Structure formats: structure tokens, C-alpha cells
Asker: 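Questions regarding the structure given below will be posed in turn.
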Amino acid sequence: MLGLPIENKIMDNNQLNNHRTILLRYALLQLHDEAVAEDAVQETLLAALQTGDSFRSESAVRTWLIGILKHKISDHYRAADRHYSLESSHEDEDPNEALEQLIFDGKGHWIGSPSAWKCPDHALEQDEFWRVFEWCQNNLSEQHARAFMLREMVGLETEEICQELAISHSACRVYLHRARLGLRECLEQRWFNAKRK
Amino acid sequence: MKTCKDISSLLSDSMDRPLTKRERWAVRLHLLICRHCSRFQKHLHFLHKAAERYYPTENDKHPPS
Ligand SMILES: [Zn+2]
């Protein structure tokens with residue numbers, strides 16, 4: 001836990017912990033380094049606690065916190081002298097348009113139909129599965145991966161994701177769908193249908 | 001008639017918003033006759049579950065020795 005005086009009107013201890021978990025997921029996926037991610041989150045929360053702003057809702061706080069965190073993350077990349085842009089590409093320019101053509105034929109039928117996955121829950125208990133899961137996530141186009149992450153890991157609403165990625169609602173919907181199609185396909189090939197010892 | 005492509009997209013939407021009545025019926029009807037999309041639906045729920053657990057499980061990998 002943070003050794004901070006948390007007599008703050010922004011959030012109580014419980015809320016702080018929730019936000020912290022979410023921010024950490026976000027940071028971890030952008031920074032790929034646990035220690036660096038921890039630092040960025042710590043700095044974000046410190047900065048947040050030092051301001052006296054108050055918010056109407058939990059989700060407003062979260063959006064605000066993610067905003068601060070994004071700055072911390074780009075600071076990190078700037079310091080590391082690496083090219084990193086938080087600005088997203090333009091509206092509806094989906095880099096992975098071809099994906100659906102690999103999955104559905106011209107009539108909208110599945111090309112390689114989804115297979116039955118054996119004991120999927122069992123996979124969640126295996127370290128090797130998580131390595132595959134991560135690999136598959138990294139294999140998505142960056143925009144798709146971010147949309148998926150913000151939705152399914154950070155738990156943002158679609159509305160917030162559109163804002164975050166600066167894309168239209170319909171693009172957002174397409175990104176999420178393609179991310180899921182891609183991830184599903186990858187897990188099927190690399191895990192569920194893969195021959196393992 | 002909605003295709004598997006359409007239905008898969010609605011199934012994905014259903015993870016993010018409530019479907020309209022009409023959409024719900026279209027999906028329900030299609031799932032009765034299409035095992036591919038039925039599987040896809042299960043897989044979507046699995047992805048959701050996996051994503052939710054992604055971070056905690058990463059951490060749980062290092063049990064106190
Ligand atoms: Zn179908």
C-alpha cells in the first residue's frame with residue numbers, strides 16, 4: 001500500500017486501491033516493465049492526491065487519472081528517447097482491414113470455423129497459456145490491442161474508449177470486434193488447437 | 001438473413017452494450033442453427049474472463065517461497 005495520508009476528498013482507501021489496480025494494468029501494457037509501471041502509477045496517484053479537485057463520479061476520477069498516467073507514460077518514453085505517440089491515427093483508418101477477409105468469405109460465412117475448445121478454464125491455470133495470451137495480444141494491431149485492453153482489462157465503457165483513442169463510435173465498435181476476432185483466432189491456433197507435449 | 005459475419009459482430013457488441021430486441025432475436029435465431037457462431041459466443045466470454053484475470057494471474061505466478 002501507499003504510505004500516504006489518504007484523508008482526501010477525491011477518494012477513500014478502497015477507491016484508491018481499485019483505481020490503482022486499473023492504472024497498473026494500463027501502465028503495464030504500455031510500458032512492458034513492472035517496476036517502471038509501478039513508478040508511473042505511484043507518481044500519478046501522488047499527483048492526484050496533491051490536488052484538491054473533486055469529482056462527481058468514480059468514472060470521472062478514473063478518466064482523469066488515466067489522463068495523468070498517460071502523461072507520465074509519455075514522459076517516460078521521452079526520457080528514454082524513444083518515439084512514442086499517444087495521439088492515435090485518424091478516424092476510421094483501420095490498419096487491419098484485411099483481417100475480416102481472412103476470417104469470413106464473400107458470403108459472410110466463417111472460412112475456418114471456430115472449433116470447440118477443450119476445458120478452456122483449465123488454460124487459465126497454466127503459465128504457458130498466459131505467455132501465449134500475451135503473445136497473441138502483441139500480435140494484434142496496436143489500435144486493436146489498445147481498444148481491447150481499455151475495454152476488457154481496464155473496464156472502460158465504449159464511450160470512454162472512443163474518446164481515449166479519438167475515434168468514432170462505429171470505428172470503436174469495429175476495433176473491438178476485430179481485436180476479439182484476431183485474439184480468438186490466435187488463441188485457437190497457438191493454444192487450443194496447437195499440439196503440445 | 002443475417003450472415004455469420006453480421007452475427008459475430010453483434011455478439012461482440014453484446015459484450016459492450018445491451019442489444020436491441022430485434023438484434024437479440026436475430027442472434028438467438030441464428031445461434032439455434034449455427035454451431036460456429038455458438039462457439040464464437042463462448043469464446044468471447046472466455047476472452048473476457050481471461051482479460052479480466054490477465055494481470056492478477058501474472059502476479060500470482062510468483063508465490064511466496
Ligand atoms: Zn453463424
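Remember, it's a predicted structure, so these values are computed and weren't measured experimentally. The sequence lines fix the lettering, A, B, ..., with proteins before strands; numbering per chain opens at 1.
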Asker: Can you see whether Ser8(B) engages His177(A) through a side-chain donor-acceptor pair at a distance of less than 3.5 angstrom?
Answerer: yes

Asker: Tell me if a side-chain donor or acceptor on His43(B) pairs with a main-chain N or O of Ser115(A) at a distance below 3.5 Å.
Answerer: yes

Asker: If we only count heavy atoms from C-beta on, is the Ser9(B) to Arg173(A) side-chain gap below 4.5 Å?
Answerer: yes

Asker: Do you know which of Phe104(A), Phe129(A), Phe133(A) has the most heavy-atom pairs with chain B at a distance under 4.5 angstrom?
Answerer: Phe104(A)

Asker: Given side-chain contact (heavy atoms from CB on, under 4.5 Å), test Phe46(B) with Leu124(A) step by step and report yes or no.
Answerer: CA-CA 10 Å; Phe46(B) 175 79; Leu124(A) 300 176; 3.9 Å; yes

Asker: Who among Glu188(A), His109(A), Met153(A), Gln137(A) has the most heavy-atom pairs with chain B under 4.5 Å?
Answerer: Met153(A)

Asker: Mark yes or no for whether Arg151(A), through its side chain, and Met15(B), through its backbone, hold a donor-acceptor pair below 3.5 Å.
Answerer: yes

Asker: Under 4.0 Å between a side-chain nitrogen and a carboxylate oxygen: does that hold for Lys5(B) and Asp105(A)?
Answerer: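 Salt bridge: no.
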
Asker: Any non-hydrogen side-chain atom of Ser113(A) less than 4.5 Å from a side-chain atom of Phe40(B)?
Answerer: no

Asker: Side chain, backbone, both or neither: which part of Leu187(A) has a heavy atom under 4.5 Å from chain B?
Answerer: side chain

Asker: Between Arg25(A) and Glu52(B), is there a salt bridge with N-O shorter than 4.0 Å?
Answerer: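 Salt bridge: no.
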
Asker: Measure Lys49(B) against the heavy atoms of chain A and call it side chain, backbone, both or neither at under 4.5 Å.
Answerer: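 The side chain, not the backbone.
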
Asker: So do the side chains of Arg17(B) and Thr158(A) get within less than 4.5 Å of each other, counting heavy atoms only?
Answerer: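 A side-chain contact under 4.5 Å is absent here.
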
Asker: In terms of hydrophobic clustering (I, L, V, M, F, W, Y; side-chain heavy atoms under 4.5 Å; direct or indirect links), are Leu176(A) and Ile66(A) co-clustered?
Answerer: no

Asker: Search all heavy atoms of Ser12(B) against all heavy atoms of Arg180(A) and return the closest pair with its distance.
Answerer: OG-NH1, 2.7 Å

Asker: Quick one: are Trp130(A) and Arg53(B) in side-chain contact, heavy atoms under 4.5 Å?
Answerer: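 Touching, per the 4.5 Å side-chain cut-off.
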
